[in-house]
4 protein chains.
Amino acid sequence: MAQGRTTHTLGPHQDPAVDAAVLAATRRLLVEVGYSGMTIHGIAAAAGVGRPAIYRRWPSKAHIVHEAVFPPLTPEWVSENQIENEVRRLVFGTVALFGDPVVREAIPGLMSEMRADPTLQKMLDERLQAGVRDKLTQSLADWTRTGQVRPEIKATTLLDVMAGTAIFALSIRNVDDLESVATSLTDLLLHGILG
Amino acid sequence: MAQGRTTHTLGPHQDPAVDAAVLAATRRLLVEVGYSGMTIHGIAAAAGVGRPAIYRRWPSKAHIVHEAVFPPLTPEWVSENQIENEVRRLVFGTVALFGDPVVREAIPGLMSEMRADPTLQKMLDERLQAGVRDKLTQSLADWTRTGQVRPEIKATTLLDVMAGTAIFALSIRNVDDLESVATSLTDLLLHGILG
Amino acid sequence: MAQGRTTHTLGPHQDPAVDAAVLAATRRLLVEVGYSGMTIHGIAAAAGVGRPAIYRRWPSKAHIVHEAVFPPLTPEWVSENQIENEVRRLVFGTVALFGDPVVREAIPGLMSEMRADPTLQKMLDERLQAGVRDKLTQSLADWTRTGQVRPEIKATTLLDVMAGTAIFALSIRNVDDLESVATSLTDLLLHGILG
Amino acid sequence: MAQGRTTHTLGPHQDPAVDAAVLAATRRLLVEVGYSGMTIHGIAAAAGVGRPAIYRRWPSKAHIVHEAVFPPLTPEWVSENQIENEVRRLVFGTVALFGDPVVREAIPGLMSEMRADPTLQKMLDERLQAGVRDKLTQSLADWTRTGQVRPEIKATTLLDVMAGTAIFALSIRNVDDLESVATSLTDLLLHGILG
DNA sequence: TCTTAAACGAGACGGTACGTCTGGTCTTGAA
DNA sequence: TTCAAGACCAGACGTACCGTCTCGTTTAAGA
């Protein structure tokens, strides 16, 4: 994929084409063979790249997948004032993210390796949650002050529920109807279950 | 060679002591070295058992862990009429289950391998959810009829939220304060976030 | 894991030092534990080499032993004109070859596996007999023409007798007196048994 | 094969039908899968017999094969006075014995295991050679006294040549023309190679 | 007739070698 | 200093066979 076949084009500088080829191959392989079916050798072969070129860039399969799967920029998720719209946007965004077929495959594997690698844990937290958590904490404070939200509600609980539910429904139960999952969760979050 | 040094006590029947030793060793190793650090050879050695005795019983590490971690009987979880108490009991039960250190280690690994092994997916679903789901569906129907619960609420959504949140907070974020997690989640489920 | 502890010195080329170490270890183990007591793992360990490095080079234990035991060059065995001297040299050479302690151990094992592996059969034939057979056939033709040898004598019979007798006496009966075996066989071949 | 399937007919006595079934299965398997392809389990299954019944009778595969392949009685081989006829009879008998397809397969395996098991070595020697060697020694003494045989000829040399040549030609080179092998060897033994 | 003792088929047991695969490190030779 | 290629060691994988052992049944021989 990268180029020629047995040649490369940059002298003593890392070739960006290698990065791109590896990440693209990773995304492709994730849906083809799954996280656990993926090997470094397999990625290298699919990317048309030598294995050392991969080890030079990432310390483990989890790090490759992490970079391949999650966009490098945290999107501007929390911004509205209207609380219903805001929660709806957060839930639909979360469900859309974890509903991507590539992410569905990647998440359980990443979670599994996170437990043994705190580095990875931190990277994933920062990439996926930290920004949103801070903003959501601030928004909740505002909403609580204005009485829009009950004071018992904490940002971490909300994020646990949104991410956990999405992961469970999409990566574990493998549900296909994203719309339904997001709608039900939004309703539940906003109103609770009591009639 | 010098082989057959030790004895066993059951003729052509599988020795329950081997099962017990393997499952106990699995639980012990889960917290000591983690799911991914565990090998079949390691389990066999820790259990004082030959590897073939393990392969005779379980087809993969995930199946061993599954049996080691989850009790063979589905507890009588859903039974009360008082909806608040019932939800509280469900949430606290779920949090207690997924908060067990052994389960915390096991869950991400199991989830990862479930995606590649539908057998495992089915086993876990039946072991953990099927019974509760049926009962909860029935209870919800009753509660909805009596107006205690809003009609939009579905059993699958509730279970996704409870299990997903517990897994995310306990296995992924590794939170230690089970009480707080359960209390917050119960409150959120019952009342929603709106003031 | 802590891996890749040691180094090797040739890039993408097979390291001749590995070949040498394996073959030397094989020769050593042959006399220490015998052919059937030798395992690929044992050879690898004794040679300080990984098992895959062995499987990369030889398809079976028999092939390793074959290469370890027999020198890669067919010596210049058949060359003299004086028939008595020539036969004496052939017999003594054969007895010396099969009398080597390493060869004594290797031969029965190799023979056993040859029956199931035609590849091995061909390799051993070419290595040990083909060259000698051709030369001996030619010499016999000369000698027959000059009346030095009876016309009934065939090269294959001579080689069967020399190799078979040496193997039987040395590898099977484990006789130690090479000199006596060679002398008796030479006498018998030259003069037959009739008085 | 032996009988019924899960029953046997003798009380606390070994069932001769089991012996017979095992030996017959061994002979059959030898030509079907070869010595090294044969397992105790395979023999037991082919004989319709449990493995312990085999271990109760023979200590190793080699011992089974030994008994399966060689007739329990040493035939009356050495008996004639006419030396040419006697040698011819010995050679043809030896070639016929080692030319049997079952024996061809068995010999290299047995030879291989003999080196590690002196018991086996002794059994085979007694079964195949001891009787013949004594008689031949005596006959040679007579023939030497009457000048029919050159005094240098020893019985062990003759037996090494006959057995070794037969094994090499038939088990190793896998020659099919028994007649030719026996005729050539007889001629060589009687007259030597000199014209 | 009843008891004892041994052989039987079946198959689990601990152990170990097999041959394959993956992980992570290193060196080559070219660019 | 990068690159592709690939050899290297370490070690886990799942399979197969080994030789031992126990089970539960069956049966002959001794009491």
Side-chain angles (χ1 to χ4, degrees), chain A residues 2-15 17-18 39-42 44 48-56 59-61, chain B residues 1-15 17-18 38-42 44 48-57 59-61, chain C residues 1-15 17-18 38-42 44 48-57 59-61, chain D residues 2-15 17-18 39-42 44-45 48-57 59-61:
Chain A
Q3 73 268 57
R5 181 90 316 205
T6 54
T7 67
H8 62 111
T9 49
L10 288 181
H13 311 300
Q14 285 200 341
D15 183 348
V18 170
T39 67
I40 303 279
H41 174 84
V49 145
R51 264 187 306 149
I54 293 184
Y55 285 114
R56 225 172 280 128
S60 83
K61 187 169 76 170
Chain B
M1 311 290 171
Q3 287 164 331
R5 282 165 198 141
T6 52
T7 62
H8 64 114
T9 48
L10 289 180
H13 310 303
Q14 288 198 337
D15 185 347
V18 170
M38 226 170 41
T39 65
I40 303 277
H41 173 82
V49 145
R51 252 180 323 140
I54 292 184
Y55 287 114
R56 251 192 298 277
R57 288 168 169 78
S60 82
K61 188 170 74 170
Chain C
M1 311 290 168
Q3 290 165 331
R5 281 163 199 143
T6 52
T7 63
H8 64 114
T9 48
L10 290 179
H13 310 302
Q14 287 197 338
D15 185 348
V18 170
M38 225 169 42
T39 66
I40 303 277
H41 174 84
V49 146
R51 256 182 313 145
I54 292 184
Y55 286 114
R56 224 174 280 130
R57 289 168 168 80
S60 82
K61 188 169 76 170
Chain D
Q3 72 268 56
R5 178 92 316 206
T6 54
T7 67
H8 63 112
T9 49
L10 289 180
H13 309 304
Q14 287 199 338
D15 184 348
V18 170
T39 67
I40 302 279
H41 175 84
V49 145
R51 264 185 309 143
I54 293 184
Y55 285 114
R56 224 173 279 129
R57 290 168 167 80
S60 82
K61 186 170 77 170

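Keep in mind that the numbers below use all heavy atoms, side chains included, and drop hydrogens, waters and symmetry copies.
Atom CD of B:Gln14 and atom P of E:dA10 are 18 Å apart (whole Å). In this structure, OH of D:Tyr55 is placed 16 Å from P of E:dG11, rounded to the nearest angstrom. When the C1' atom of E:dC26 is taken as reference, atom CZ of A:Arg56 falls 11 Å away, rounded to whole Å. What separates CG of C:Asp15 from P of F:dA7 is a distance of 12 Å, to the nearest Å. In this structure, A:Arg51 atom CZ and E:dT27 atom C1' are separated by 14 Å, rounded to whole Å. In this structure, CZ of D:Arg57 is placed 12 Å from C1' of E:dA6, rounded to the nearest angstrom. In this structure, C:His41 atom NE2 and E:dT20 atom P are separated by 17 Å, rounded to whole Å. The distance from atom CD1 of B:Ile54 to atom P of E:dG14 is 9 Å, rounded to the nearest whole Å.
Taking CD from B:Gln14 and CZ from B:Arg57, the interatomic distance works out to 4.0 Å, rounded to the nearest 0.5 Å.
Considering all non-hydrogen atoms of both residues, A:Ala53 and A:Val49 come closest at CB-CG1, 3.9 Å. A:His41 approaches A:Arg51 most closely through the heavy-atom pair CA-CD, 3.8 Å. Heavy atoms only, all atoms of each residue included: C:Gly50 and C:Ala44 are closest at C-CB, 4.2 Å.
With F:dA10, F:dC3, E:dA17 as the candidates, the nucleotide lying closest to the side chain of C:Thr39 is E:dA17. Nearest to the side chain of C:Val18, among F:dC13, E:dA17, F:dC9, sits F:dC9. Picking from F:dA4, F:dA5, F:dC9 the nucleotide with the shortest atom distance to the side chain of A:Val49 gives F:dA4.
Contacts of C:Gly42 with the nucleic acid, taken as non-hydrogen atoms under 4.0 Å apart, are absent.
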